Amino acid sequence: MYRLLALDMDGTLLNRSKIITPAVRDTLQAAIRKGVNVTIASGRFPASVWLHARHVGMHGCLIAFNGAVILDAETGERVQGFPIRPETARRIAELAAEAGAYVHFYGYRTLFVEQMNEMNASWPLANVVVDPDRPLTYENYREQADLIQVKQTGDLAAFAEAASEPLYKATVISEDPELLIKLYDELRSWNELALTKTGQRRFDINADGINKRTALEALCRIYGMHAAEVAAIGDYDNDVDMLGWAGLGIAMANSSDRVKQAADAVTASNEEDGVAVAVRRYLLS
């Protein structure tokens, strides 16, 4: 019944150690052998999405940057992209700077930051396929980590407006929850951006109308499918639209109540191989 399975990554496909467990990988491979088109729909970099998809053995198209990029699972190259307008990117950078909040921008393979710091310098390593038997060091994951670069730009507002490549996503990060709410509400009032909360101290910014649901709708047009033939699994706010739209929306047990309310079913947590449990119950039975 379900021809396409879309999986969020953090909190869903990956456990707390950022690992695809053997049980989850084996179950997804069984679904692929059965003819299910398994894809990833994530806010992560295209390279990270591609590496994890390749680890499982996925084919077809994948979704990165919350739907702002659709890429080819075989090559890792962009199929479609929906960037933030340069002028809007500049205004985002200016607003964050005035408020004293941290912000960075995502090119297809590059994280653009105003100044390098310990957090953003480690971004490439945070996007690799983790082997539980290999310590997470740059030396152990050099080939994967080098697929993502971090570049210091200086004045981020000036860079954003004149960037020579598309900027597909911005992320605002702050330890001050009240400041995050203020910035979120201000940016939402512009009515030209898609905002999604992706953690307790951060939110993502995409071009207006961009989310995982719109990207899955594009995949359905490519494949000649209908929403009723799509199953989707997720755990956080940026998954709500796709779970409510899919023929079968499944929330992880570690999801918020809002995500669970948007879903048709709830599976086990990402620490209990919840993706494998759901796939066996709804796609392999």
Side-chain angles (χ1 to χ4, degrees), residues 9 39-53 60-97 101-116 120-121 123-124 126-127 144-173 183 187-188 190-196 198 202-219 221-222 238 241-242:
M9 285 184 64
T39 190
I40 291 173
S42 173
R44 286 196 182 203
F45 266 104
S48 185
V49 170
W50 176 68
L51 287 167
H52 286 82
C61 291
L62 308 167
I63 296 167
F65 292 151
N66 297 319
V69 164
I70 295 174
L71 63 147
D72 188 296
E74 303 291 340
T75 66
E77 296 301 316
R78 179 178 53 231
V79 175
Q80 294 182 20
F82 306 93
I84 299 169
R85 292 192 304 116
E87 180 186 346
T88 303
R90 173 185 60 78
R91 292 170 60 208
I92 292 169
E94 289 176 342
L95 178 67
Y102 174 88
V103 64
H104 56 222
F105 290 93
Y106 298 77
Y108 195 78
R109 293 184 175 87
T110 307
L111 184 71
F112 294 104
V113 303
E114 187 158 275
Q115 292 184 333
M116 295 289 286
N120 57 43
W123 222 264
N127 280 272
Q144 293 186 57
D146 281 349
L147 294 175
I148 297 172
Q149 302 297 314
V150 181
K151 290 188 179 180
Q152 181 172 302
T153 68
D155 186 339
L156 199 54
F159 161 80
E161 187 168 40
S164 60
E165 65 175 278
L167 302 177
Y168 294 102
K169 190 181 84 165
T171 295
V172 176
I173 301 174
L183 290 173
L187 288 164
R188 186 171 56 181
W190 293 4
N191 295 318
E192 56 183 299
L193 297 167
L195 306 180
T196 47
T198 52
R202 55 178 285 166
F203 62 86
D204 286 353
I205 306 168
N206 293 100
D208 187 34
I210 297 302
N211 55 53
K212 295 182 182 183
R213 168 185 171 169
T214 60
L216 284 172
E217 289 173 333
L219 259 60
R221 290 192 293 271
I222 292 171
N238 58 343
D241 286 336
M242 78 168 180

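Since we're looking at a predicted model, the values are computed, not measured. In what follows, every heavy atom counts, from backbone to side chain, and hydrogens, waters and symmetry copies are set aside.
Separation of atoms CD1 (I63) and OG1 (T39) is listed at 5.5 Å; rounding is to 0.5 Å. To the nearest 0.5 angstrom, F45 atom CZ is 8.5 Å from W123 atom CH2. Distance check, rounded to the nearest 0.5 Å: NZ of K151 to OG1 of T110 gives 5.0 Å. Distance OH/Y108 to CD/Q149: 15.0 Å, rounded to 0.5 Å. Here CE of M9 is found 4.0 Å from CZ of R44. Values are rounded to the nearest 0.5 Å. Separation of atoms CG (L62) and CG (L219) is listed at 8.5 Å; rounding is to 0.5 Å.
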May I have the step-by-step check of side-chain contact (heavy atoms from CB on, under 4.5 Å) for F105 and I92, ending in yes or no?
CA-CA 10 Å; F105 290 93; I92 292 169; 4.2 Å; yes
Between V113 and Y102, does a side-chain contact (heavy atoms from CB on, under 4.5 Å) hold up when you go through it step by step?
CA-CA 9 Å; V113 303; Y102 174 88; 3.6 Å; yes
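Of the residues listed (N66, N238, T196), the one engaging D204 in a side chain to side chain donor-acceptor pair (under 3.5 Å) is N66, and it is the only one. Remark: of the listed residues I222, V69, L71, I222 is the sole one forming a side-chain contact (heavy atoms from CB on, under 4.5 Å) with Q80.
E114 contributes a side-chain N or O that, together with a main-chain N or O of L156, makes up a donor-acceptor pair within less than 3.5 Å. In this structure, N127 contributes its side chain and V49 its backbone to no donor-acceptor pair below 3.5 Å. Distance alone, capped at 3.5 Å, places no donor-acceptor pair between the T153 side chain and the F112 backbone.
Closest approach of T214 and G209 over heavy atoms only: CG2-O, 3.1 Å. Heavy-atom minimum distance, C61 versus V79: SG-CG2, 4.4 Å. Considering every non-hydrogen atom in both I173 and R202, the closest pair reads CG1-CB, 3.9 Å. For the residue pair P124 and V150, the shortest heavy atom distance occurs at CD-CG2, 3.6 Å. Listed here is the closest heavy atom pair of P83 and A207: O-CB, 3.5 Å. For the pair I205 and L195, the tightest heavy-atom approach, listed with the atom from each and the gap, is CG1-CD2, 3.7 Å.
With a 4.5 Å cut-off on side-chain heavy atoms, R109 and L147 do not count as touching. Side-chain contact between N206 and N211 is absent, with no heavy-atom pair separated by less than 4.5 Å. Taking 4.5 Å as the limit, every side-chain heavy atom of T171 sits out of range of all side-chain heavy atoms of V103. Side-chain contact check for L187 versus F203: some heavy-atom pair is nearer than 4.5 Å. In this structure, the side chains of K169 and I210 stay at 4.5 Å or more apart for every pair of heavy atoms.
Side chains of T88 and E192: a donor on one and an acceptor on the other come within 3.5 Å.
Between F65 and Y106, the gap from one ring centroid to the other is short of 6.0 Å.
Using a cutoff of 4.0 Å between basic side-chain nitrogens and carboxylate oxygens, E87 and R91 are not scored as salt-bridged.
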Do any side-chain atoms of residues 159-168 form donor-acceptor pairs under 3.5 angstrom with protein atoms, and if so which ones, sequence neighbours left out?
unit_1	atom_1	unit_2	atom_2	d
E161	OE1	R90	NE	3.4
E161	OE2	R90	NE	3.1
Y168	OH	R78	NH1	2.9

